[in-house]
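Encoded as structure tokens, the structure appears first; notes follow it.
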Amino acid sequence: MVFSQPSGKNKESLFGSSDKRNPTPTFRLKPKDTPPPSMPTADDLIDTARVVALPMRTKFRGITVREALLFKGPAGWGEFAPFPEYNDAEARMWLAAGIEAAFLGAPDPLRDTVAVNATVPAVPADEVAAIIARYPGATTVKVKVAEPGQTLADDVDRVAAARELVSTVRVDANGAWTVDEAIEAIAAIGDVEYVEQPCRTVEELAQVRKSVKALIAADESIRRSTDPMRVAKAGAADIAVLKVAPLGGMRSLIKLAGRLPMDVVVSSALDTAVGMSAGVAAAAALPNLHRACGLGTGAMFTRDVAVPFRVHEGAVELRSVAPSDDVPLASPDRTAWWHDRLRRCHAELMR
């Protein structure tokens, strides 16, 4: 049972460690606490589920509609929305994160607001200003680069357009470059805060890091790895980009951040407002947070499931979220697809 206390010395669960020597917040209970709820069944989750389909302002990650399955628990709402390329073994972590949010709630916060970056998709340079305007007061912008079908010149122009408007620019290649392409592109793009996931593998990241002056950030190499610490062991990155859903929840993210010997940026996985609330809660509970987080992507939807996390003076406020009654729902076929996926991933969690 996911919510019961682990058995055995230092036994790990999806939601934290039972090691009493580890000060990181976990789900272990004090003796006086009420026993936790048992693991919800797949039917429990589907009984309250809503599968939503949110139209996007601009194509991002190759999609124009973001689908997500939302469900309700005693602590609020959770989100299950792994991208299609995630297999069930990977996607189960996204389900664990949603269950944590809905049945256990957020950890205690250390701050009420979280600084966020603007996010610029792979659009033409003349559209950059309009996108950044959706993030009032943001002083950091993340620019997507290495889009299939585009050129390095497109990337250079897009980054330059962002740099004219915002003081701090970071870029994200989503692992699309080879080592040689990354070295060439980083030199052409010029000064940036950091380059996120320039190449696919940890070994390639390490090669690029040794060859350039720019800081290197790891995203996919952490959230899609069976050993998230491998990036640190290989000296492959200066910064870790952590996301609640693929890491299995807010507390798992906080625990990992405490182990990594590098700065951490909390980012969204193109979450709805429900999922975003968990990302903001995790960032708000981190003891050390020094850089703007990627938690303003709600501005990329033309319609969210609730009032989105609006950026004000470059930050978003911590708050809980419940979906509106009139959320845009997915088709019956897509709803059935998501229900089936949840059942498979729930079975993986129970193994």
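In this chain, numbering begins with 1 at the start of the sequence shown. Every value quoted in this text rests on a predicted model; they were computed, and no experiment measured them.
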Exercise. Are side-chain heavy atoms of Met276 and Leu295 found at a separation under 4.5 Å?
Worked result: yes
Exercise. Side chains of Asp172 and Gln197: do they bring a donor and an acceptor to under 3.5 Å?
Worked result: no
Distance-only donor-acceptor pairs under 3.5 Å for side chains of residues 120-135, two or more places apart:
none

Exercise. In Å and rounded to the nearest 0.5 Å, what is the CG to CD distance from Leu329 to Glu67?
Worked result: 11.0 Å
For this session: State, with a plain yes or no, whether a side-chain heavy atom of Leu215 is found less than 4.5 Å away from one of Ile239.
Result: yes
Problem set entry | Pair Arg163 + Asp191, salt bridge at N-O below 4.0 Å | no
For this session: Indicate yes or no: at least one non-hydrogen side-chain atom of Trp177 is less than 4.5 angstrom from one of Ile183.
Result: no
Exercise. Does a side-chain heavy-atom distance below 4.5 Å link Glu147 with Asp154?
Worked result: no
Problem set entry | Pair Lys144 + Asp155, salt bridge at N-O below 4.0 Å | no
Problem set entry | Contacts of type salt bridge (Lys or Arg N to Asp or Glu O under 4.0 Å), residue Lys233, not counting sequence neighbours | Asp227
Exercise. Do Ile222 and Val231 touch side chain to side chain, with heavy atoms closer than 4.5 Å?
Worked result: yes
Exercise. Can you tell if the side chain of Ile216 reaches within under 4.5 Å of the side chain of Tyr194, non-hydrogen atoms only?
Worked result: no
For this session: Only pairs at least two apart or in different chains count here, so list each side-chain hydrogen bond (donor to acceptor under 3.5 Å, both in side chains) that has a residue in residues 70-90.
Result: Arg61-Glu85, Glu79-Thr272, Tyr86-Arg223, Asp88-Arg344, Glu90-Arg224
For this session: Supply the atom-to-atom distance Leu242 CG to Asp219 CG, rounded to the nearest 0.5 angstrom.
Result: 8.5 Å
For this session: Begin from the C-alpha positions of Val241 and Glu196 and carry the test side-chain contact (heavy atoms from CB on, under 4.5 Å) through to its verdict.
Result: CA-CA 8 Å; Val241 179; Glu196 182 175 331; 3.8 Å; yes
Exercise. Which pairs with one or both residues in residues 261-270 pass side-chain hydrogen bond (donor to acceptor under 3.5 Å, both in side chains), sequence neighbours excluded?
Worked result: Asp263-Arg291, Ser268-Thr297
Exercise. With no hydrogens and no angle check, is any side-chain donor or acceptor of Ser221 less than 3.5 Å from a backbone partner on Ala218?
Worked result: no
Exercise. Stepwise, does the side-chain contact (heavy atoms from CB on, under 4.5 Å) test hold for Val321 with Phe309?
Worked result: CA-CA 10 Å; Val321 170; Phe309 282 79; 3.7 Å; yes
For this session: Would you give the length of the straight line joining atom CH2 of Trp94 to atom CD1 of Ile99, rounded to the nearest 0.5 angstrom?
Result: 15.0 Å
For this session: Using side-chain hydrogen bond (donor to acceptor under 3.5 Å, both in side chains) as the criterion, list what pairs up with Thr64, not counting sequence neighbours.
Result: none
Exercise. Is it the case that Thr119 and Asn117 place a side-chain donor and acceptor less than 3.5 Å from each other?
Worked result: yes
Problem set entry | Qualifying residue for side chain to side chain contact (heavy atoms under 4.5 Å, CB included) with Arg170, from Thr140, Val141, Val192 | Thr140
Table please: side-chain donor-acceptor pairs of residues 103-115 below 3.5 Å, with sequence neighbours left out.
residue, atom, partner, partner atom, Å
Arg111, NH1, Ala283, O, 2.7
Arg111, NH1, Ala284, O, 3.3
Arg111, NH1, Leu286, O, 3.0
Arg111, NH2, Leu286, O, 2.9

For this session: List in chain and number order the residues that pass salt bridge (Lys or Arg N to Asp or Glu O under 4.0 Å) with Glu203, two or more places apart in sequence or in another chain; answer none if no residue qualifies.
Result: Arg230
Exercise. So do Phe301 and Arg57 actually touch side chain to side chain, heavy atoms under 4.5 Å?
Worked result: no
Problem set entry | Between CG on residue Leu152 and CD1 on residue Ile186, distance to nearest 0.5 Å | 10.5 Å
Exercise. If you look at every heavy atom in Ala236 and Leu205, which pair is closest and at what distance?
Worked result: O-CB, 3.5 Å
Exercise. Which pairs pass ring pair (Phe, Tyr, Trp, His ring centres under 6.0 Å) with one or both residues in residues 313-351, sequence neighbours excluded?
Worked result: Phe80-Trp338
Seminar exercise, completed: For Glu348, the salt bridge (Lys or Arg N to Asp or Glu O under 4.0 Å) test, sequence neighbours excluded, returns Arg351
Problem set entry | Charged N-O contact under 4.0 Å between Arg200 and Glu220 | no
Exercise. Okay, side chain of Ser324, backbone of Val327: is any donor-acceptor separation there less than 3.5 Å?
Worked result: no
For this session: Would you mind listing every salt bridge (Lys or Arg N to Asp or Glu O under 4.0 Å) that reaches into residues 296-323, with sequence neighbours excluded?
Result: Arg303-Asp326
Exercise. What residues, two or more places apart in sequence or in another chain, satisfy side-chain hydrogen bond (donor to acceptor under 3.5 Å, both in side chains) together with Asp238?
Worked result: Arg209
Problem set entry | Residue list, ring pair (Phe, Tyr, Trp, His ring centres under 6.0 Å) with Phe60, at least two apart or on another chain | none
Seminar exercise, completed: Note: Leu289 and Cys293 closest approach over all heavy atoms is CD1-SG, 3.7 Å
Exercise. Any salt bridge between Arg251 and Glu100, counting N to O under 4.0 Å?
Worked result: yes
For this session: Can you measure from OG1 (Thr48) to CZ (Phe71) and round to the nearest 0.5 angstrom?
Result: 7.5 Å
Exercise. Quick one: does Leu256's side chain get under 4.5 Å of Met229's, heavy atoms only?
Worked result: yes
For this session: Mark yes or no for whether Glu204, through its side chain, and Thr201, through its backbone, hold a donor-acceptor pair below 3.5 Å.
Result: yes
